[in-house]
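This report concerns only the one structure given below.
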Amino acid sequence: MPRETVAEFSVESVQALSEDGEIDEDLAPSLSDDQLLELYELMKRSRRLDERAISLQRRGELGTYAPAIGQEAAQVGSAFAMADDDWIVPSFRESAALLTRGTDPHRILWYALGMEEGAEIPDGANAFPPSIPVGSQPLHAAGIGWGEGIQDRPNVAVTYFGDGATSEGDVYEAFNFAGVYDAQTVFVCQNNRYAISTRLADQTAAETLAQKAIAAGIDGVRVDGNDVLGVYRVVQEALKRAREGEPMLVETLTYRRSMHTTSDDPSAYRDAEEEEEWEARDPIVRFQVYLEENGILDQERKEEVEQRVESEISEAIERAKEGAADVDGADMFRYVYDEMPPYLEGQLQEFEG
Amino acid sequence: MPRETVAEFSVESVQALSEDGEIDEDLAPSLSDDQLLELYELMKRSRRLDERAISLQRRGELGTYAPAIGQEAAQVGSAFAMADDDWIVPSFRESAALLTRGTDPHRILWYALGMEEGAEIPDGANAFPPSIPVGSQPLHAAGIGWGEGIQDRPNVAVTYFGDGATSEGDVYEAFNFAGVYDAQTVFVCQNNRYAISTRLADQTAAETLAQKAIAAGIDGVRVDGNDVLGVYRVVQEALKRAREGEPMLVETLTYRRSMHTTSDDPSAYRDAEEEEEWEARDPIVRFQVYLEENGILDQERKEEVEQRVESEISEAIERAKEGAADVDGADMFRYVYDEMPPYLEGQLQEFEG
Amino acid sequence: MADKYRVVGAVRETLRAELEHDEEVVLYGEDVGRAGGVFRATEGLLDDFPDRVFDTPVAEAGIVGAGAGLAATGLRPVAEIQFQSFIYQGFHQLAQHVARMRSRTRGTLTLPMTIRTPYGGGIHALELHSESYEAGFSHVPGLTVVVPSTPAETSGLLRSAIRHPDPVVFLEPTRLYRSVREEVPEDHEIPLGESRIAEPGEDVTVVAWGSMLQRTLDVADDIDASVEVVDPRTIHPLDTETITDSVKKTGRCVVVHEAPRTAGMAGEITARINEDAFLYLEAPVERVTGYDVPVPFFAREDDYVPDEERIAEGIRKTVEF
Amino acid sequence: MADKYRVVGAVRETLRAELEHDEEVVLYGEDVGRAGGVFRATEGLLDDFPDRVFDTPVAEAGIVGAGAGLAATGLRPVAEIQFQSFIYQGFHQLAQHVARMRSRTRGTLTLPMTIRTPYGGGIHALELHSESYEAGFSHVPGLTVVVPSTPAETSGLLRSAIRHPDPVVFLEPTRLYRSVREEVPEDHEIPLGESRIAEPGEDVTVVAWGSMLQRTLDVADDIDASVEVVDPRTIHPLDTETITDSVKKTGRCVVVHEAPRTAGMAGEITARINEDAFLYLEAPVERVTGYDVPVPFFAREDDYVPDEERIAEGIRKTVEF
Ligand SMILES: Cc1ncc(C[n+]2csc(CCOP(=O)(O)OP(=O)(O)O)c2C)c(N)n1
Ligand SMILES: Cc1ncc(C[n+]2csc(CCOP(=O)(O)OP(=O)(O)O)c2C)c(N)n1
Ligand SMILES: [Mg+2]
Ligand SMILES: [Mg+2]
């Protein structure tokens with residue numbers, strides 16, 4: 001064996017719905033019209049929440065906000081494929097995924113209002129709160145997927161992170177743990193081409209992010225992240241395998257159409273031309289064309305959706321503002337430990353006194 | 001492109017000298033007989049140093065020691081390929097590589113005597129001291145290889161680490177940095193099948209360690225790590241490419257024939273049968289067979305080498321012991337900062353008073 | 001297990017008992033399985049609990065971070081980090097997530113996990129195998145930091161740590177692993193957050209923990225003064241009162257630890273005494289600690305770690321002030 | 001550049017000047033290049049020094065660890081970590097290597113590198129964007145920890161840090177980035193390891209740094225007592241003498257910081273005063289600090305960070321003791 005090939009790998013890329021709305025019949029997921037319309041409405045709801053949040057922030061009524069604009073298909077398509085008891089382990093840009101999992105939009109706004117109330121885990125929900133440290137949460141998902149396996153339960157942990165996150169050692173450690181323990185985990189990487197200002201080429205010399213799975217001996221696949229049906233399809237398959245103890249990395253190739261967060265000005269590092277190019281590839285538009293051309297969505301229904309979304313978000317904003325009025329600073333002492341130690345009790349008295 | 005392959009990778013494995021000492025002419029490096037004998041003597045020297053160190057430790061005359069027994073070909077072959085000004089960035093098991101780079105053996109013993117004297121970098125040498133935290137030093141090598149490039153110098157950084165180390169996020173970050181910055185770095189992974197007691201299958205689901213390079217978009221190759229000529233050949237090629245800004249991972253497939261360190265008892269986790277199997281594959285034996293069969297090494301020369309090695313190591317032990325007698329505790333204050341701050345000066349006085 | 005054990009045996013038998021007691025307990029870490037741990041603190045446990053004891057890859061961020069996930073699924077993960085300094089590889093997971101998951105989520109997601117690790121000097125080990133960073137961990141709100149000092153204390157505190165509803169960093173003094181055997185009561189819990197008077201006395205209070213405690217008790221036996229020795233046991237959140245009550249009685253205090261002095265726990269304890277017992281203080285609080293230098297390699301380690309002489313000197317200085 | 005700058009401008013112009021002054025200086029970090037830094041502290045520098053300013057992958061262990069390599073090759077790396085808490089991702093590289101390369105090698109391998117990072121609260125940023133861990137860094141022997149408090153101080157200290165032969169953690173108070181402009185002298189170095197008296201006074205010493213300093217000065221102006229304000233500037237190794245000399249004069253001391261109280265620098269300073277000026281103390285040293293809780297999300301952040309009222313209260317309490 002002087003010089004021989006000992007291992008071979010390849011990365012596949014999947015697209016179910018082409019850029020101009022043509023479906024590939026082999027890859028089309030079997031979803032009812034109602035489900036397709038649900039996907040559509042979820043994407044619209046997320047988009048509108050983001051838009052309203054940005055304008056609230058601009059008026060000084062909200063803190064830093066990280067919009068998912070342009071990434072709705074990646075998030076909604078993947079989260080929609082999950083079972084009720086599957087775990088979601090998000091990063092900080094997952095409004096669309098969270099809405100899909102049933103998170104009330106006012107909670108997302110609470111989070112952006114700097115309130116821990118927005119990070120509460122509703123009773124019985126299998127979820128982690130948003131994770132600010134880039135790349136840190138996939139390890140939690142690896143641990144969950146491992147723990148569910150130890151306990152012989154079928155639940156899968158789905159975690160979200162970005163292209164930038166893949167440079168953090170933690171993400172690689174998460175893949176590797178998942179591989180070793182047959183963790184019931186699906187790693188959804190949203191490759192939106194930017195980590196704040198940093199382009200993918202400055203982030204890694206790897207051609208694809210899906211290939212990062214190879215290092216851990218787990219499978220990786222790429223999917224057009226602006227194709228909600230393709231994402232759904234690929235993640236559905238990944239979930240099925242993960243439920244059997246085969247963890248998987250799914251790279252969703254998409255684009256962050258908006259600013260990194262409301263504190264960011266992308267004009268410092270990318271040009272309008274590129275942004276326009278991706279406006280044309282907007283995931284909601286693509287899906288809408290498909291729905292319309294296949295007679296699933298008509299004008300009336302579109303307006304209905306828009307109105308419902310509008311009023312939901314408006315209500316959520318009201319509700320968020322009301323909650324924000326009640327913030328009690330003393331809460332910061334209450335949830336540090338199960339039982340407040342005497343020393344901290346003293347500090348609370350100091351605070352209140 | 002409903003479903004298409006977007007990237008393909010493969011991992012090659014190289015062997016120049018077969019297990020029974022047959023050379024592959026295409027892969028044989030062009031080395032003179034003197035150089036071949038030098039390789040042989042270096043391996044013997046390292047082996048003898050390790051053996052003597054273990055027995056010193058057993059007699060209570062040395063601290064914890066991590067022998068390289070069984071890994072001499074991987075270390076000597078790779079270090080021998082380096083240019084004078086290339087950097088060596090070792091882990092804690094690199095006695096053979098260090099000897100090859102010209103480190104005096106008494107320094108290796110000083111290190112094992114718990115003396116910082118053994119971690120001094122000789123004037124003008126491009127080297128880092130042993131690194132105890134597993135997987136932490138490849139980042140230094142990535143930084144060096146990047147820095148040499150920034151300064152338009154040809155030097156390459158060669159770093160050593162084990163199979164266990166590849167599970168640390170730092171190692172992946174190092175590959176990724178190297179890929180992004182075209183770092184002049186060669187990553188030599190000694191896959192000796194064990195991380196203390198942990199077998200490779202419990203370390204990672206990856207079939208090879210060479211494939212871990214794929215995650216960072218750099219090249220990885222495997223070589224028979226018990227084949228000193230194959231290792232030399234592969235690392236020589238890697239160095240050439242690294243000098244041009246193409247970092248590379250070389251997995252040397254070998255076996256840790258001895259205990260993890262002198263604090264470890266491998267019988268707790270592996271059986272004698274396996275150890276015997278690998279005794280038969282000893283890298284020094286294989287090379288010796290080759291040298292003998294090709295008339296490069298005869299009995300006389302063998303004895304000469306053995307005697308020289310023996311007296312060198314004995315001298316080194318003497319020298320190490322002498323130096324150890326001079327250890328001054330107050331030194332711990334002297335090298336913390338360039339200038340000793342007043343507060344620390346006070347502590348030194350406290351110590352001396 | 002009213003049997004006699006050394007500290008390492010107390011750890012092992014307590015882990016075994018907890019694995020038996022609660023099937024949600026899982027053990028994992030580098031070499032804890034087949035090899036039974038580099039100090040043999042988990043020996044035999046993989047054999048007895050093959051589905052709940054795991055060797056891990058060499059990846060401490062992974063160990064800490066995955067632990068958060070395990071805990072969230074309802075398990076009680078007990079991780080071993082092979083040596084304390086290697087927690088640093090996972091320090092971000094500890095500080096950014098484990099310590100604050102409860103506060104971040106207003107108590108709706110909690111992480112009952114224990115991270116055990118050998119700490120401190122004393123066995124002439126390699127570089128970075130002898131550090132003491134209890135103060136750094138204590139400066140991260142949300143963590144509970146525990147240091148035992150005898151086999152029985154180890155067992156009682158470890159059991160409480162494992163059963164604790166919040167994450168505990170459990171620092172086992174390496175030097176003590178193989179020191180004396182003593183009787184270890186079965187199924188005994190020692191509440192976290194409570195100091196103990198290890199030896200009552202009148203003239204001076206000495207606060208010491210881990211491997212410094214026995215040294216202090218030895219000195220206290222020999223020295224010409226009545227020394228009250230306080231063992232905080234839980235370093236954070238610290239039971240201030242036991243210490244300050246003692247100082248109110250003695251008027252004098254020495255704090256002993258191996259960690260470097262600057263920003264160490266001795267400073268914290270000094271400040272708390274200063275705040276709560278200022279008017280009782282008849283001498284400055286004395287700090288007998290490691291120096292502000294990296295723990296040297298082992299040839300110089302004994303010069304670094306406080307020994308009986310330095311402790312005695314500190315006590316004398318304080319008593320004679 | 002005797003021009004007027006805010007802190008962020010002082011950082012930028014000092015970096016520019018040092019890039020010009022010494023071609024071994026290289027700048028790198030997440031978004032420091034094309035975007036000019038998330039606070040614009042490196043704006044324009046990539047254009048002016050295209051070969052010595054680098055955007056990095058999102059990998060802080062990588063940034064710290066690779067910096068050790070860069071420094072070894074003769075460069076003077078100046079890294080930016082985007083927010084202080086994310087140094088934690090590289091804490092092991094800092095504590096295990098950067099801090100102790102000199103001592104490990106007996107001075108034969110040294111790492112002159114600077115790690116700049118915004119720290120502390122005040123701009124209502126996201127979770128984990130407001131932490132203050134200067135005490136945790138100071139508890140790692142070998143690190144030098146610097147906190148500036150005005151534009152001119154920032155420039156002078158940053159220049160010294162970059163020229164320093166040892167690694168420096170340079171913590172830039174986020175709250176100050178865009179506060180007042182002031183004249184920033186050109187090519188000015190402020191020696192590391194020296195405190196300054198920011199305002200002389202007689203009745204009580206207040207030690208404060210970073211964004212707490214101006215608050216303290218404001219309080220000192222208003223309060224009915226003569227306050228001597230000491231700005232340590234270098235938090236570690238700390239210039240104890242300036243502080244204790246002041247306390248010997250005033251007999252009273254308050255220490256103010258944003259970090260949590262337990263194991264924070266206020267405890268350390270209290271202990272040093274206790275050691276060196278015990279007999280001069282007329283009141284307990286008062287600690288006005290963040291509480292021992294994770295810095296809350298920003299809706300509650302102002303409840304956490306010491307404000308003028310708490311500082312004034314602390315001073316009053318100490319003066320009236
Ligand atoms: C550990 C860590 N380092 C740095 C940051 C600052 N930061 C916030 S988002 C971000 C970029 C993340 O990029 P990516 O992973 O691609 O996610 P995206 O923002 O594109 O969704 C950075 C560097 C952080 N939050 N955490
Ligand atoms: C960060 C870190 N974690 C754990 C250890 C303890 N430890 C020392 S060597 C070792 C195994 C290393 O295995 P490998 O990388 O394969 O190297 P080998 O010992 O086989 O040469 C471990 C876990 C350490 N030194 N550093
Ligand atoms: Mg991105
Ligand atoms: Mg190994």
Side-chain angles (χ1 to χ4, degrees), chain B residues 87 89 115-117 119-123 125-133 136-153 155 157 159 168-170 172-174 176-181 183 185 216 331-344 346, chain D residues 23-24 26 28 51-52 54-57 59-75 77 89-90 92-93 95-97 99-113 141-144 164-167 192-193 234 236-241 272 275-276:
Chain B
W87 290 78
V89 183
M115 293 163 58
E116 282 82 357
E117 284 80 348
E120 280 183 21
I121 309 298
D123 238 17
N126 280 343
F128 264 52
S131 172
I132 295 293
S136 60
Q137 73 282 0
L139 271 170
H140 309 158
I144 294 168
W146 175 21
E148 291 288 349
I150 292 173
Q151 292 165 92
D152 279 327
R153 288 191 302 238
N155 311 327
T159 183
E168 292 281 2
D170 277 22
Y172 163 72
E173 291 191 15
N176 198 52
F177 263 65
V180 168
Y181 296 117
T185 306
D331 282 354
M332 71 179 147
F333 296 95
R334 297 204 175 104
Y335 302 102
V336 186
Y337 304 98
D338 179 46
E339 263 184 68
M340 198 184 295
Y343 181 61
L344 202 52
Chain D
E23 63 175 29
E24 284 166 356
V26 294
Y28 69 114
D51 302 328
R52 291 193 282 138
F54 303 90
D55 279 315
T56 64
E60 292 77 11
I63 292 173
V64 178
L70 291 171
T73 68
L75 295 172
Q89 261 74 359
H92 55 292
Q93 286 288 345
Q96 295 166 349
H97 290 297
R100 55 165 80 210
M101 197 56 83
R102 179 189 285 277
S103 65
R104 168 187 295 149
T105 62
R106 296 171 63 84
T108 57
L109 179 60
T110 56
L111 303 175
M113 58 188 282
L143 290 182
T144 296
H164 198 62
D166 284 312
L192 304 190
T234 299
H236 184 70
L238 184 70
D239 164 13
T240 322
E241 232 186 322
R272 294 198 185 189
E275 280 154 9
D276 296 349

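Bear in mind that the values here come from a model prediction, so they are computed numbers and not experimental data.
Among the candidates Thr73(D), Ile63(D), Thr105(D), the residue making the largest number of heavy-atom pairs closer than 4.5 Å to chain B is Thr73(D). Ranked by heavy-atom pairs shorter than 4.5 Å toward chain D, the options Pro341(B), Gly143(B), Gly145(B) are led by Gly143(B). Note: Thr56(D) leads Asp51(D), Thr56(D), Val26(D), Thr240(D) in heavy-atom pairs under 4.5 Å with chain B. Note on Thr108(D), Leu238(D), Thr144(D), Val64(D): by heavy-atom pairs under 4.5 Å with chain B, the leading option is Thr108(D). Of the listed residues Gly90(D), Gly74(D), Ala68(D), Ala61(D), the one with more heavy-atom pairs under 4.5 angstrom with chain B than any other is Ala61(D). Your options are Arg52(D), Glu241(D), Glu23(D), Arg272(D), and the one with the most heavy-atom pairs under 4.5 Å with chain B is Arg272(D). With chain B as partner, the option from Glu24(D), His97(D), Gln96(D) having the largest number of non-hydrogen pairs under 4.5 angstrom is His97(D). Interface summary for chain D: among Val180(B), Asp123(B), Ile150(B), the most heavy-atom pairs under 4.5 angstrom belong to Ile150(B).
For Asp331(B), the part sitting under 4.5 Å from any heavy atom of chain D is the side chain, from C-beta outward, and nothing else. For a residue to count as touching a neighbouring chain, one of its non-hydrogen atoms must lie under 4.5 Å from one of that chain's; by this rule Asp276(D) does not touch chain B. Contact annotation for Tyr172(B): neither backbone nor side-chain heavy atoms come within less than 4.5 Å of a heavy atom of chain D. Neither the backbone nor the side chain of Arg334(B) comes within contact range of chain D; no heavy atoms are under 4.5 Å apart. Of the two parts of Tyr343(B), only the side chain, counted from C-beta on, holds a non-hydrogen atom closer than 4.5 Å to a non-hydrogen atom of chain D. Heavy-atom distances place no part of Thr110(D) under 4.5 Å from chain B, backbone and side chain included. For chain D, the nearby parts of Glu148(B) are the backbone and the side chain; heavy atoms of each come within less than 4.5 Å. If you measure heavy-atom distances from Leu143(D) to chain B, the contacts under 4.5 Å come from the backbone alone. Neither the backbone nor the side chain of Ala157(B) comes within contact range of chain D; no heavy atoms are under 4.5 Å apart. Of the atoms belonging to Arg100(D), not a single heavy atom falls under 4.5 Å from chain B.
A distance of 7.5 Å separates CZ of Phe177(B) from OH of Tyr28(D), quoted to the nearest 0.5 Å. We find the CG-CD distance between Leu109(D) and Glu120(B) to be 11.5 Å, quoted to the nearest 0.5 Å. Between Arg106(D) atom CZ and Tyr335(B) atom OH the span is 4.0 Å, to the nearest 0.5 Å.
Side-chain atoms of His92(D) and Ser136(B) include no donor-acceptor pair closer than 3.5 Å. The closest side-chain donor-acceptor pair between His140(B) and Gln93(D) falls under 3.5 angstrom. Side chain to side chain, Asp338(B) and His164(D) fail the donor-acceptor criterion of an N or O pair below 3.5 Å.
Annotation: side chain of Pro167(D) is not in contact with side chain of Tyr337(B) (no heavy-atom distance under 4.5 Å). Annotation: side chain of Gln151(B) is in contact with side chain of Leu75(D) (closest heavy-atom distance under 4.5 Å). Within the 4.5 Å cutoff, the side chain of Pro165(D) has no heavy atoms near those of the Glu339(B) side chain.
By the 4.0 Å N-to-carboxylate-O rule, Arg104(D) lies too far from Glu116(B) to be salt-bridged with it.
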